[in-house]
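Because only heavy atoms are used, hydrogens play no part in the values below, and waters and symmetry mates are left out as well, while side chains stay in. Each chain gets a letter, A, B and so on, in the order the sequences are listed, and its residues count up from 1.
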There are 2 protein chains.
Amino acid sequence: MNTLAEENYLKCIYHLSADAGIVSTNQIAASLNTKASSVTDMLKKLADKVLINYTRYQGVSLTPAGEKIAVGIIRKHRLWEYFLVEKLNFKWDQVHDMAEEMEHISSEELIDRLDEFMGHPKHDPHGDPIPDCNGKFKSAELKPLSTLTVNQCGVISGVRDHSSPFLQYLEKQQLTIGKTITITDIIEYDHSVALKLEANKEIHISREVANNLLIAL
Amino acid sequence: MNTLAEENYLKCIYHLSADAGIVSTNQIAASLNTKASSVTDMLKKLADKVLINYTRYQGVSLTPAGEKIAVGIIRKHRLWEYFLVEKLNFKWDQVHDMAEEMEHISSEELIDRLDEFMGHPKHDPHGDPIPDCNGKFKSAELKPLSTLTVNQCGVISGVRDHSSPFLQYLEKQQLTIGKTITITDIIEYDHSVALKLEANKEIHISREVANNLLIAL
DNA sequence: TAAAAAATTTAGACTAATCTAAAATATGGA
DNA sequence: TCCATATTTTAGATTAGTCTAAATTTTTTA
Ligand SMILES: [Mn+2]
Ligand SMILES: [Mn+2]
Ligand SMILES: [Mn+2]
Ligand SMILES: [Mn+2]
């Protein structure tokens, strides 16, 4: 099997290539808080195992084998996050670091049974889709709240920033997954947004928050 | 914190010293499937961290700090085994290897909530006691079935061999934790044992099996 | 299109954990 | 008590993963 470090690199490359397609050494180094030279060493190893496509100086992408492993790890990460929130009553801002460890528990059988135990959830506590046991999943088309216009309405369905401070802020403002919102005003000066929650509660959020909140229309 | 290898050494020393008090380098090497020279290296490191008492050539014992860590790992191991059997419907012979990985998940909060989620179980699927969140537990006084005499009766409460083949054999014979048995005969020639289960089912087991089945009187 | 700057790789070193082979120490039987 | 044997430790390597510093390649820009 693969080492913990290898798994983390594959997962990282998977996430980065969602945006970019081809991923650079420096992007990986920044994302993993490591040095570019360490990344190069690992890329050689992953290329030897045919888990990535790699040519010197040209960046990397996952092979089908590498992608399969990455998706498997993401499945485990999100299922454990769901477990921690739904069964052990953690808050959505507390579970990521624990899931970072738990995603490396190797048993497939274990994760499939966990999936079944929880009723095959489709989304993790942050709105991210959970791949099924074949690695299949469809990501809903979500737009940053900042791209909506006045009077548009939609459902909060994901976040682009998974950090605790952001998630805690959202929780406090009741801006949680599943809530319906309607844009009431956009302040031109600073691009901040006024919006209405259910129960007619009015909220005012900054451009930065609006950028990191994902909405299904 | 401690590395995975360090945690495994501490747990190993804890289990070995239950029998012996002081534990030898070779005992540890045999138990961990490693070489005595590797053990010596690790013992120096653990002694530097004041987790074991170690003097060259004299064997080791755990310090209070080392014992606390070891008991914490054993708590995690047994709680995860309980979870796998009670919530995910694994058989008692399937869970040990998975728990070997899960016992290294670091969060204390996680394990305490898991404990609560399951209703603070007192014993794992193999009858071993589960330490509470302060590391306290009492091990019942159990005797190998082989030490009982004819007509004595008792309750199956633990096993000394945790291997899959043994556990599967017990399951097939319905010799599982909680069952009441009565000795009906002891064959002098090979020290094999005849016994009666509930529902008057008669079973005949070898001396070896009798040695590895633990009974509460 | 040739520097200059940025990105990436290589070279050489370090730590943790392991190994084999050799040396040191302890132990038990004559 | 002494020596043969068993146990344990030391010495010297190895592998995975990381680092810094230097060299190389690519990209930008003037
Ligand atoms: Mn996460
Ligand atoms: Mn998540
Ligand atoms: Mn076990
Ligand atoms: Mn057990």
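Partners of A/D161 under the salt bridge (charged side-chain N to carboxylate O under 4.0 Å, His left out) rule, at least two apart in sequence or in another chain, do not exist in this structure. For B/R113, the side chain to side chain donor-acceptor pair (under 3.5 Å) partners two or more places apart in sequence, or in a different chain, are B/E109.
Between A/P129 and A/R78, the shortest heavy-atom distance links the atoms O-NH1, 2.6 Å.
At the phosphate of D/dT9, OP1 or OP2 sits under 4.0 Å from a side-chain N or O atom of B/Y54. A close approach under 4.0 Å does occur between a side-chain nitrogen or oxygen of A/N26 and OP1 or OP2 of C/dT8. In this model, the phosphate group of C/dT18 is approached by a side-chain N or O of B/Y9 to a distance below 4.0 Å at OP1 or OP2. For A/T34, a side-chain nitrogen or oxygen approaches OP1 or OP2 of D/dC19 to under 4.0 Å.
Geometrically, B/K122 does not engage B/F137 in a cation-pi contact, judged by NZ or CZ lying under 6.0 Å from the ring centre and within 45° of the ring axis.
In this structure, A/L46 places its CG atom 13 Å from P of C/dT9, rounding to the nearest Å. Following rounding to the nearest Å, A/D41 (CG) and D/dT15 (P) show an atom-to-atom distance of 15 Å. Going from atom CG of A/L43 over to atom C1' of D/dT18 covers 14 Å, rounded to whole Å. The nearest whole Å value for the distance from the CG atom in B/N33 to the P atom in C/dC19 is 9 Å. Counting to the nearest Å, the C1' atom of D/dA11 and the NZ atom of B/K44 are 10 Å from each other. Rounded to whole Å, atom P of D/dT9 lies 9 Å from atom CD1 of B/I28. Computed from coordinates, the A/D48 CG to D/dT15 P distance equals 14 Å when rounded to whole Å.
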A/F90 vs A/F83, ring-ring contact (aromatic ring centres under 6.0 Å, His included): CA-CA, chis, key distance, verdict: CA-CA 9 Å; A/F90 281 100; A/F83 171 78; 9.3 Å; no

Between protein and nucleotides 20-27 of chain C, what N or O pairs are separated by less than 3.5 Å?
| residue | atom | partner | partner atom | Å |
| --- | --- | --- | --- | --- |
| C/dT20 | O4 | B/S37 | OG | 2.9 |
| C/dT25 | O4' | B/Y57 | OH | 3.3 |

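Of the candidate nucleotides C/dT9, D/dT18, C/dA7, C/dT9 has the atom nearest to the side chain of A/A36. Which of C/dT9, C/dT18, D/dT18 sits closest to the side chain of A/M42 comes down to D/dT18.
A salt bridge does not link B/E208 with B/R160: none of the charged nitrogens is closer than 4.0 Å to a carboxylate oxygen. Taking a cutoff of 4.0 Å between a charged side-chain nitrogen and a carboxylate oxygen, B/D124 and B/R75 do not qualify as a salt bridge.
Heavy-atom nearest nucleotides on DNA chain D were determined for A/E6 and for B/G59, and the one closer to the 5' end corresponds to B/G59.
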